[in-house]
Amino acid sequence: MRYRFLGRTGLKISDLCLGTMNFGDVTDEKESCMIMDKAIDAGINFFDTADVYGGLQWPEIPKGYGISEEIIGRWLKKSGQRDKVVLATKVYQPMDFGPNDRHLSAYHIRKACEDSLRRLKTDHIDLYQMHHIDRETPWEEIWQAMELLIQQGKVLYIGSCNFAGWQIATAQGLAKERHFYGLVSEQSPYNLTERTVELEVLPSCRYHGLGFIPYSPLAGGLLGGVLSKQKNGERRFREQELKIIEKLRYQLEKYENLAAELKITPANLALAWLRYQPDVTAPIIGPRTETQLDNAIEGLSITLSDEIIYTLNDIWPGMGGEAPEAYAW
């Protein structure tokens with residue numbers, strides 16, 4: 001396992017992050033704990049969750065949220081592994097029906113942090129991430145609330161998720177005015193089929209010293225051998241998924257043929273490509289089973305030549321570079 005600094009910090013994290021969105025939802029607690037045990041044994045020290053993970057979707061059962069954090073908290077207490085884990089969670093999403101049970105007001109940030117600490121059975125969160133931008137709460141209020149959490153020792157670092165490049169720049173500029181460290185990481189979707197962040201998010205992260213933590217590395221399963229699974233009847237697909245598959249069939253065929261030629265799984269080829277991107281710190285994997293985690297760990301030894309990288313970029317063209325050169329002379 002390789003370890004990388006999280007952005008401009010002195011904190012080292014494994015270059016694979018264990019995502020836990022499936023814990024308590026499609027993966028029961030017993031297997032979730034076995035996955036965390038195996039991740040630690042493999043050297044993965046970076047776990048990502050969110051207060052909203054693990055329950056049914058809003059608005060049916062908001063009190064079902066927090067299940068993922070609760071599972072992690074019970075595992076941390078039982079395993080005694082808290083000091084081996086860089087623990088990340090998130091704040092923003094609705095956690096109840098009240099008008100202040102969501103978003104990034106100082107009121108909700110304080111309560112959400114206290115609730116996450118209780119569920120995680122820990123006295124601090126290593127990386128506290130804003131799950132989305134809040135266009136209605138002023139940054140002065142957000143940063144004041146985050147500063148207080150850090151002063152109280154409840155949070156060590158602050159990150160963002162799903163921010164645009166200009167929003168990262170705005171947040172950092174206002175943090176600097178307060179002599180505050182500001183953001184240390186950004187989490188956004190990034191994979192061979194979705195490369196929009198190459199335009200402005202990745203350059204912004206690079207300039208401001210943020211680590212970049214991509215999620216959805218397999219594009220919701222598209223890059224995990226979807227054609228062979230469809231052919232062999234290994235998975236059922238929704239109508240919308242079938243439309244996407246048909247739209248991308250030509251590229252998917254070339255991609256899966258390349259993986260077969262290289263004698264590696266399509267999923268590991270997608271992860272390997274991400275790990276070769278210079279601005280990527282640690283892709284998030286979200287295994288539903290121990291076997292899926294084993295497969296991802298096996299893929300850590302994959303090396304890609306410049307020729308293979310070129311071929312992948314030919315199959316899945318990016319944005320044409322960074323903004324504005326990607327679209328302007």
Do Trp316 and Tyr255 have side chains that get closer than 4.5 Å, going by heavy atoms?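 Result yes, sub-4.5 Å side-chain heavy-atom pair found.
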What I'd like to find out is whether the side chain of Leu300 reaches to under 4.5 Å of the side chain of Met1, using heavy atoms alone.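 Of all side-chain heavy-atom pairs linking Met1 with Leu300, at least one is under 4.5 Å.
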Determine whether the side chains of [X] and [Y] contain a donor N or O and an acceptor N or O closer than 3.5 Å.
X      : Y      : value
Asp48  : Gln129 : yes
Glu69  : Thr49  : no
Asp126 : His124 : yes
Ser116 : Asp51  : no
Gln230 : Arg249 : yes
Thr20  : Ser68  : yes
Tyr53  : Lys90  : yes

Do you know which two heavy atoms are closest between Arg288 and Asn22, and how far apart they sit?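 Looking at all heavy atoms of both residues, the shortest contact is CG-ND2, 3.2 Å.
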Over all atoms of both residues, closest heavy-atom pair of Asp15 and Arg4: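 Of all heavy-atom pairs spanning Asp15 and Arg4, the closest is CB-NE, 4.0 Å.
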Side-chain heavy atoms under 4.5 angstrom apart, residues restricted to Ile, Leu, Val, Met, Phe, Trp, Tyr: same cluster for Val155 and Leu104?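 Yes.
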Under the salt bridge (Lys or Arg N to Asp or Glu O under 4.0 Å) test, which residues partner Asp294, sequence neighbours left out?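 Checked Asp294 against salt bridge (Lys or Arg N to Asp or Glu O under 4.0 Å); matches are Lys38.
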Residues in salt bridge (Lys or Arg N to Asp or Glu O under 4.0 Å) contact with Glu325, at least two apart in sequence or another chain: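 None.
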Determine whether Phe23 and Trp75 satisfy the following criterion, ring-ring contact (aromatic ring centres under 6.0 Å, His included), listing intermediate values before the conclusion. CA-CA 12 Å; Phe23 290 5; Trp75 176 82; 9.3 Å; no
With side-chain hydrogen bond (donor to acceptor under 3.5 Å, both in side chains) as the test, pick out the partner of Ser160 among His132, Glu186, Gln172, His131.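 The side-chain hydrogen bond (donor to acceptor under 3.5 Å, both in side chains) with Ser160 is passed solely by Glu186 among His132, Glu186, Gln172, His131.
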Under the ring-ring contact (aromatic ring centres under 6.0 Å, His included) definition, can you give me all pairs with a residue in residues 195-237, not counting sequence neighbours?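 Sorted pair list: Tyr190-Phe212.
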